[in-house]
Amino acid sequence: MAHLNLSGNWEHYCLNQAAGLAETDLAAQAPALGLNVNVDGRVTVRLFGRDYLVGNQAVEAADGRPVAPLHQGLLAHYLRSRGRAGLTGQWLPIGRLTGMAVSGASPSGNLIRPLTDRFGDRYAAFAEAAQKVGGRHQGLSSSGGEAWLFHDLPFFPVQVVFFEADDEFPAEVQVLFDSSAPIFIAYECLELMEMALVGELLSAAGLLGCGGGCDCDHHGAGCG
C-alpha cells in the first residue's frame, strides 16, 4: 500500500504541535476559532469528511481508527492559533500570501504538484474525489478554472482551482487560501493543509494507498 510519507522533520514538527495541546486552554481557544467544546473538554472537528476529537492529551478520530501525524499536527496547529481573522474572499497561493514569491508562484509548488500530475487529464475523477472528502463545487473561478471549496475549519478555507488542458495551455491544479490566513495561521500550517489536502484527494481517487501515512482504510483507500 502506497503512503504519503512525511519527512522526519515534518513528522517531528507535527508531533510537537500535537504535544503542545497539553498546555493549550481549549475551552478558551475553540470558540474563538469557530469550534465547540464537548462536556468532556474535547473539541469536535470535522476535516475532509472525517470527525475528530481534539483534547489536551491526544487527537483522536471519532471512528476509533489511527490518526496520522500530519492530521494531528494540522488540527493541533489550528487550535493553538492566536487570534482570528475576518475572511476577505480574496484567494491567493502561499507565495503571494507570504511575499516569498513575487511572481505569484507558490514556493510549496512541489507539495501540490501531484494534483496536476495525477488528475491533470481526469477532471471527473478529481471532482468525484473532492466530493468524497467534503469539497463543494463553486462553479467557475474568476480566473476561469473549476473552483472547489474545502471549508471544514472555520476561518481557514481552502480553494482548489482545476484548469483543464486546452489547445494553448496544459492542465493545472492550484491550491489557494483566503488572504486573511497569515494573520493568524503560521506558514507551516498552510503547508500542512496542502499536504493533507493532496493526500486526501489522491487517496479518495484510489491514486494513493493512504491519505495520511498510516495503515487503515479511510475513504476506502487510506486514512486521515
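Excluded from the calculations below are hydrogen atoms, water molecules and symmetry mates; all remaining heavy atoms, backbone and side chain alike, are included. Since we're looking at a predicted model, the values are computed, not measured.
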For a quick check under 3.5 Å, do [X] and [Y] share a side-chain donor-acceptor pair by atom type?
X    : Y    : result
R136 : Q131 : no
S179 : T88  : yes
R80  : Q17  : yes

Give a yes or no on whether [X] and [Y] share a hydrophobic cluster (residues Ile, Leu, Val, Met, Phe, Trp, Tyr; joining criterion: side-chain heavy atoms under 4.5 Å apart).
X    : Y   : value
V37  : L75 : yes
F150 : L92 : yes
L15  : V67 : no
L33  : Y52 : yes

>> Among residues at least two apart in sequence or on other chains, which ones pass salt bridge (Lys or Arg N to Asp or Glu O under 4.0 Å) with R46?
In response: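 With neighbours one apart ignored, the set is D51.
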
>> Suppose we screen for salt bridge (Lys or Arg N to Asp or Glu O under 4.0 Å). Which residues come up paired with E146, at least two apart in sequence or across chains?
In response: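 Counting only residues at least two positions away or on another chain, E146 forms no salt bridge (Lys or Arg N to Asp or Glu O under 4.0 Å).
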
>> My understanding is that only residues two or more places apart in sequence, or in another chain, count here; which of them pass ring-ring contact (aromatic ring centres under 6.0 Å, His included) with F155?
In response: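 Not a single residue meets the ring-ring contact (aromatic ring centres under 6.0 Å, His included) criterion with F155.
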
Looking at side-chain heavy atoms only, is the closest gap between [X] and [Y] below 4.5 Å?
X    : Y    : value
P157 : W91  : yes
V173 : I112 : no
L153 : M193 : yes
L201 : F48  : no
F126 : E128 : no
L70  : W10  : no
L111 : E191 : yes
F169 : F163 : no

> Relative to the ring of F156, is the ring of F184 parallel (under 30°), tilted (30 to 60°) or perpendicular (over 60°)?
Replying inline: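 Aromatic pair F184/F156 classed perpendicular.
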
Enumerate, atom names and distances included, each donor-acceptor pair closer than 3.5 Å involving a side-chain atom of residues 53-60, sequence neighbours excluded.
from, atom 1, to, atom 2, distance (Å)
N56, ND2, L21, O, 2.7
N56, ND2, T24, O, 2.8
E60, OE1, R42, NH1, 2.6

>> Main chain of S81, side chain of Q29: is a donor-acceptor contact present, judged purely on distance under 3.5 Å?
In response: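 Indeed, once roles are kept as given, a pair shorter than 3.5 Å links the two residues.
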
>> Between T116 (side chain only) and G120 (backbone N and O only), is there a donor and an acceptor less than 3.5 Å apart?
In response: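 Pair absent, no side-chain N/O of T116 close to backbone of G120.
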
> Going through the distances and angles, do H77 and L192 end up as a side chain to side chain contact (heavy atoms under 4.5 Å, CB included)?
Replying inline: CA-CA 9 Å; H77 214 311; L192 291 180; 4.2 Å; yes

>> Strictly by side-chain hydrogen bond (donor to acceptor under 3.5 Å, both in side chains), give each pair with a member in residues 151-169 just once, sequence neighbours left out.
In response: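 Of all non-adjacent pairs touching residues 151-169, none passes side-chain hydrogen bond (donor to acceptor under 3.5 Å, both in side chains).
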
>> Per the side-chain hydrogen bond (donor to acceptor under 3.5 Å, both in side chains) rule, what does the pair list look like for residues 117-127, sequence neighbours excluded?
In response: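 Passing the test, one end in residues 117-127: Y123-W148.
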
Nearest 0.5 angstrom please: [X] [atom1] to [Y] [atom2], how far?
X    : Y    : atom1 : atom2 : answer
L115 : L197 : CG    : CG    : 6.5 Å
Q72  : N16  : CD    : CG    : 11.5 Å
M195 : C14  : CE    : SG    : 6.0 Å
L190 : Y187 : CG    : OH    : 8.0 Å
D63  : R50  : CG    : CZ    : 4.5 Å
N36  : T44  : CG    : OG1   : 5.0 Å

Indicate the atoms forming the closest heavy-atom contact of [X] with [Y], along with that distance.
X    : Y    : answer
P31  : A27  : CD-O, 3.2 Å
P114 : L202 : CB-CD1, 4.0 Å
A204 : K132 : O-NZ, 3.3 Å
F119 : A129 : CZ-CB, 4.3 Å
A196 : L74  : CB-CD2, 4.0 Å

>> What verdict does the side chain to side chain contact (heavy atoms under 4.5 Å, CB included) test give for L79 and V43, after you've listed the backbone C-alpha separation in whole Å, the side-chain angles of each residue and the deciding distance to 0.1 Å?
In response: CA-CA 9 Å; L79 276 162; V43 181; 4.2 Å; yes

> Between E200 and H71, is a side-chain hydrogen bond (donor to acceptor under 3.5 Å, both in side chains) present by the stated rule, with each step listed?
Replying inline: CA-CA 10 Å; E200 291 282 353; H71 291 65; 2.9 Å; yes

> Would you say H12 has more than 12 foreign heavy atoms packed within less than 6.0 Å of its NE2?
Replying inline: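 Result for NE2/H12: open.
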
